[in-house]
Amino acid sequence: MLRTEELTKIFRSNEIETIALNRVNLAVEDGEFVAILGPSGCGKTTLLNILGLLDRPASGKYWFDNKEVSQLNELRRTKLRRGHIGFVFQSFNLIDELTVYHNIELPLLYMGVSASERRKRVYEVLDQIKISHRKRNYPRQLSEGQQQRVAIARAIISKPKLILADEPTGNLNSVNGEEIMNLLSQLNADGITIVMVTHSPADADKAHRIIQLFDGHIVTENIRKAMKIS
């Protein structure tokens, strides 16, 4: 699915140089659920942004779906992301002026999917995520747990190969957090590859493999459970 080689990212400002990622070597297989665990500032989100083609490394290589993509320009990265990668963020990133239905539908509009196919897919995902009864509500009318369900529905509406989740339970209480982790585990069991960054060992324990990141380095890898082969 994806692989990095000596991936390095450096931020510079006012003559200060910060190495966010330092020669990271990582591989994720199709169907895996990988958790990247570490404290704030260790480079987790920077790594996720590069894996999601939202940013480029300073040096090193990145293969996504057998293509070397580390230095693609923004237009080509956008085309590759669209329909292949779904994102789930800590802050949900829903559009307040759109209903649940239209928030979920939005990626399909960008992809040029027909109105009839959009409607069919949105209703399928609403049922799958068990949020159909809220389809006409706006984000402000939802609980935080429901908002994250909508965000996950939006992430999977394009049937991506990969979901990248950035602290998906960070704004949730323990009950809602457990529900969201169970939902991600089910999506993974259905065949979607998931890479999640988190500072929560309990959330990381849901993954097949835990990668510990510290000061931009991978310091340990721990296989938690065998990946099921369908």
Side-chain angles (χ1 to χ4, degrees), residues 1-13 15-71 77 85-91 155 161-172 174 177-178 180-182 184-185 187-189 192-229:
M1 167 60 72
L2 60 86
R3 178 167 62 91
T4 72
E5 181 181 295
E6 300 289 295
L7 204 67
T8 298
K9 182 67 176 179
I10 300 171
F11 294 105
R12 295 182 177 90
S13 63
E15 300 181 357
I16 297 173
E17 182 175 280
T18 301
I19 301 176
L21 297 174
N22 194 351
R23 297 183 177 180
V24 170
N25 296 300
L26 169 68
V28 177
E29 301 297 329
D30 283 333
E32 263 199 293
F33 187 165
V34 174
I36 300 173
L37 183 66
S40 296
C42 72
K44 302 189 304 297
T45 296
T46 299
L47 177 57
L48 207 70
N49 285 342
I50 292 174
L51 297 182
L53 300 171
L54 298 172
D55 199 0
R56 294 190 297 185
S59 62
K61 295 184 178 180
Y62 171 34
W63 286 266
F64 176 75
D65 202 22
N66 295 318
K67 302 179 183 69
E68 209 290 304
V69 297
S70 60
Q71 297 302 319
R77 294 203 310 271
I85 303 174
F87 296 89
V88 179
F89 302 97
Q90 177 178 346
S91 57
K161 299 178 180 180
L162 173 68
I163 287 179
L164 299 176
D166 190 355
E167 301 281 6
T169 67
N171 284 340
L172 305 179
S174 60
E178 181 71 14
I180 292 302
M181 289 308 305
N182 288 338
L184 290 175
S185 294
L187 292 172
N188 176 247
I192 298 178
T193 304
I194 297 177
V195 178
M196 174 184 70
V197 303
T198 183
H199 64 270
S200 167
D203 287 356
D205 201 46
K206 299 283 188 180
H208 300 133
R209 181 160 51 108
I210 299 173
I211 294 171
Q212 184 82 39
L213 200 65
F214 187 77
D215 285 349
H217 296 273
I218 291 177
V219 292
T220 61
E221 291 195 38
N222 181 16
I223 296 175
R224 302 295 299 167
K225 59 191 80 171
M227 185 174 66
K228 292 182 179 179
I229 305 297

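Thr4 contributes atom OG1, which lies 9.0 Å from atom CG of Leu21 (distance to the nearest 0.5 angstrom). To the nearest 0.5 Å, atoms CG (Leu51) and CD1 (Ile36) are separated by 6.0 Å. With rounding to the nearest 0.5 angstrom, the OG1 atom of Thr8 is 6.5 Å from the CD1 atom of Ile10. Interatomic distance, CD1 of Ile163 versus CG of Leu187, reported as 5.0 Å (0.5 Å rounding). Atom CD1 in Ile210 sits 6.5 Å away from atom CG in Leu37 (nearest 0.5 Å). Here CD1 of Ile19 is found 12.5 Å from OG1 of Thr46. Values are rounded to the nearest 0.5 Å.
A donor-acceptor pair under 3.5 Å links the side-chain atoms of Lys44 to the main chain of Gly38, judged by distance alone. When atom types are taken as modelled, the side chain of Glu29 and the backbone of Met1 share no donor-acceptor pair closer than 3.5 angstrom. His208 places no side-chain N or O within 3.5 Å of a backbone atom of Val34 that could act as its donor or acceptor partner. For Gln71 (side chain) and Arg56 (main-chain N/O), no donor-acceptor pair under 3.5 Å exists by modelled atom type. Here the side chain of Asn25 pairs a donor or acceptor atom with the backbone of Glu6 at under 3.5 angstrom. Proximity of a side-chain donor or acceptor of Asn49 to a complementary backbone N or O of Leu54 within less than 3.5 Å is not detected.
Other residues, nucleotides and ligands contribute at most 12 non-hydrogen atoms within 6.0 Å of the CZ atom of Arg23. A 6.0 Å sphere centred on CZ of Phe11 holds more than 12 heavy atoms belonging to other residues, nucleotides or ligands.
When all heavy atoms are compared, the tightest approach of Met196 to Asp203 is CE-O, 3.6 Å. Shortest non-hydrogen contact noted between Val197 and Leu48 is CG1-CD1, 3.8 Å. Closest approach of Asn188 to Gly31, counting heavy atoms only: ND2-O, 3.1 Å. Minimum interatomic distance between Leu53 and Tyr62 (heavy atoms only, all atoms of both residues): CD2-CE2, 3.9 Å. Across every non-hydrogen atom of Pro39 and Phe214, the tightest pair is CG-CD1, 4.1 Å. Considering every non-hydrogen atom in both Gly216 and Val24, the closest pair reads O-CG2, 3.4 Å.
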Give the intermediate values and the outcome of side chain to side chain contact (heavy atoms under 4.5 Å, CB included) for residues Val195 and Leu162. CA-CA 8 Å; Val195 178; Leu162 173 68; 4.1 Å; yes
Under the criterion side chain to side chain contact (heavy atoms under 4.5 Å, CB included), I'd like the reasoning laid out for Thr193 against Leu2: C-alpha separation, chi angles, the key distance, then a yes or no. CA-CA 10 Å; Thr193 304; Leu2 60 86; over 6 Å; no
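In the model, Glu68 has a side-chain atom that pairs as donor or acceptor with a side-chain atom of Ser70 under 3.5 Å.
Side-chain contact between Asp215 and Asn22: absent, with no pair of heavy atoms (C-beta onward) separated by less than 4.5 Å. Side chains of Lys206 and Leu184 form no contact here, defined as non-hydrogen atoms less than 4.5 Å apart.
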